[in-house]
Structure formats: structure tokens, C-alpha cells
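Structure first, then comments.
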Amino acid sequence: MSAIRPPEEWKGRFVSTLDVLLFIREQILGGVMPEMFFGRLDVWSVAAFVHGVRFHLYCGGVEDPRYQEFGAWLRDVRNEFPSGRGWAGLYLEEAGGEHRAAIMRFLERCAEYDSLIRERAP
């Protein structure tokens, strides 16, 4: 199917939306084009991708507390999830309409949150 292979330990188990986004970030930083994951270089496509993953989990009755906590952190701590336009609209506006910059900012926030959580873990 693709030369991009997810981690072996993901097979047969739940994978958080946040972990998927961190994997995608790693791939992009390694030179893979974002379009391989999102179809086109568009922040709204990324937002739709995230909604799609979340809806898939919802349909399967699977909770994703890790991503929910990330969303709460983005909204309540970072103040970067304004109602009406969400992170995608905010980041695109702040990036002057540059979709790649807005996408990378979102993925960097994912990594920042993950790092904070790992620092706090016992």
C-alpha cells in the first residue's frame, strides 16, 4: 500500500489521535510530504482528517482521553482553540495564509503537549 509504515506496536491495539499526529509530524520532519496524509496542503484538510479519525473512534465506542486532554490544553492553557474557527482558523490567520506553517504549528503543539505530559509522568 505505502512505503510509510506505522510502528509495529500499533497493530491490533488502540492508537490515540495524538499519537497518530505525532507520527505524521515525525514523517514530515523526515521529508515526507504532508499531502501523503492529508490529500493536499491545506489546514482545513488536516482539521477534517482529525475530525475523521475522531469520528471513527466515536463510531467504534472508543474514548480518546489523550487527545481530549490535548484539546483541553490547547483551549484552556494555550487559548488556541477559539470557538467558531478553532485552531485551524487561528493558526492560518497567524501564519498569514500559509497553510504549511499553520499545519506545522498544530503538529508542533501536539509535540509540545506530549513533551509536557512525558515530563510529568512518574
Side-chain angles (χ1 to χ4, degrees):
M1 182 171 148
S2 171
I4 301 168
R5 300 278 183 229
E8 279 296 315
E9 63 267 17
W10 285 8
K11 287 187 178 180
R13 72 172 192 86
F14 164 74
V15 178
S16 171
T17 307
L18 186 62
D19 291 325
V20 171
L21 292 167
L22 291 168
F23 173 77
I24 290 171
R25 174 184 172 269
E26 178 183 297
Q27 295 298 307
I28 292 170
L29 292 177
V32 175
M33 297 181 341
E35 294 89 339
M36 292 294 294
F37 303 99
F38 309 121
R40 56 189 200 147
L41 192 60
D42 181 281
V43 73
W44 302 110
S45 292
V46 176
F49 173 87
V50 171
H51 288 304
V53 171
R54 307 260 309 126
F55 185 68
H56 168 74
L57 294 173
Y58 172 78
C59 288
V62 177
E63 295 288 323
D64 189 355
R66 188 161 148 74
Y67 187 80
Q68 291 170 349
E69 291 163 4
F70 165 68
W73 174 81
L74 204 59
R75 181 187 63 244
D76 301 334
V77 176
R78 300 290 311 182
N79 295 315
E80 294 179 356
F81 208 106
S83 62
R85 59 186 176 145
W87 63 265
L90 175 67
Y91 294 171
L92 186 60
E93 179 183 314
E94 291 179 350
E98 293 291 327
H99 286 266
R100 183 179 180 88
I103 292 165
M104 293 311 296
R105 180 168 176 195
F106 176 65
L107 295 175
E108 290 304 319
R109 285 294 188 256
C110 292
E112 179 183 351
Y113 176 77
D114 183 61
S115 179
L116 288 171
I117 294 308
R118 290 183 190 277
E119 287 175 8
R120 293 181 191 155

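By the 6.0 Å contact criterion, OH on Tyr58 is open, its count of non-hydrogen atoms from other residues, nucleotides or ligands being 12 or less. No more than 12 heavy atoms of other residues, nucleotides or ligands shown are found within 6.0 angstrom of CD on Glu98.
Here the side chains of Ile4 and Phe23 are in contact, with some heavy-atom distance below 4.5 Å. Taking 4.5 Å as the limit, some side-chain heavy atom of Val50 sits within range of a side-chain heavy atom of Phe106. Counting heavy atoms from C-beta outward, Trp10 and Asp19 have side chains that approach closer than 4.5 Å. Annotation: side chain of Val53 is not in contact with side chain of His56 (no heavy-atom distance under 4.5 Å). Looking at Tyr67 and Leu21, their side chains come closer than 4.5 Å, going by heavy atoms from C-beta outward.
Here the CG-CZ distance, from Asp114 to Arg118, works out to 4.0 Å after rounding to the nearest 0.5 Å. For the atom pair Gln27 CD and Leu22 CG, the distance stands at 12.0 Å (nearest 0.5 Å). Atom CD of residue Glu35 and atom CD1 of residue Ile28 lie 8.5 Å apart, to the nearest 0.5 angstrom. Leu74 contributes atom CG, which lies 9.0 Å from atom CH2 of Trp87 (distance to the nearest 0.5 angstrom). In this structure, Ile24 CD1 and Leu29 CG are separated by 12.0 Å, a value rounded to the nearest 0.5 Å. Summarising the geometry, atom CZ belonging to Arg105 is positioned 12.5 Å from atom SG belonging to Cys110; distances are rounded to the nearest 0.5 Å.
Using a 4.0 Å cut-off between charged side-chain N and carboxylate O, Glu69 and Arg66 make no salt bridge. Checked for salt-bridge contact, Arg109 and Glu112 meet the test: a charged N lies under 4.0 Å from a carboxylate O.
For the residue pair Leu90 and Asn79, the shortest heavy atom distance occurs at CD2-O, 4.4 Å. When every heavy atom of Ala101 is checked against every heavy atom of Ala95, the shortest pair comes out as CB-CB, 3.8 Å.
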Mind running side-chain contact (heavy atoms from CB on, under 4.5 Å) on Phe70 and Ile117 for me, showing each step along the way?
-> CA-CA 10 Å; Phe70 165 68; Ile117 294 308; over 6 Å; no
Only distances under 3.5 Å count here; give the side-chain donor-acceptor pairs of residues 36-43 to other protein atoms, sequence neighbours excluded, each with its distance to 0.1 Å.
from: Arg40; atom 1: NE; to: Ser45; atom 2: OG; distance (Å): 3.3
from: Asp42; atom 1: OD1; to: Trp44; atom 2: N; distance (Å): 2.7
from: Asp42; atom 1: OD1; to: Ser45; atom 2: N; distance (Å): 3.0

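A single hydrophobic cluster is seen to contain both Val77 and Phe81, as judged by linkage of ILVMFWY side chains at heavy-atom distances under 4.5 Å, directly or through other members.
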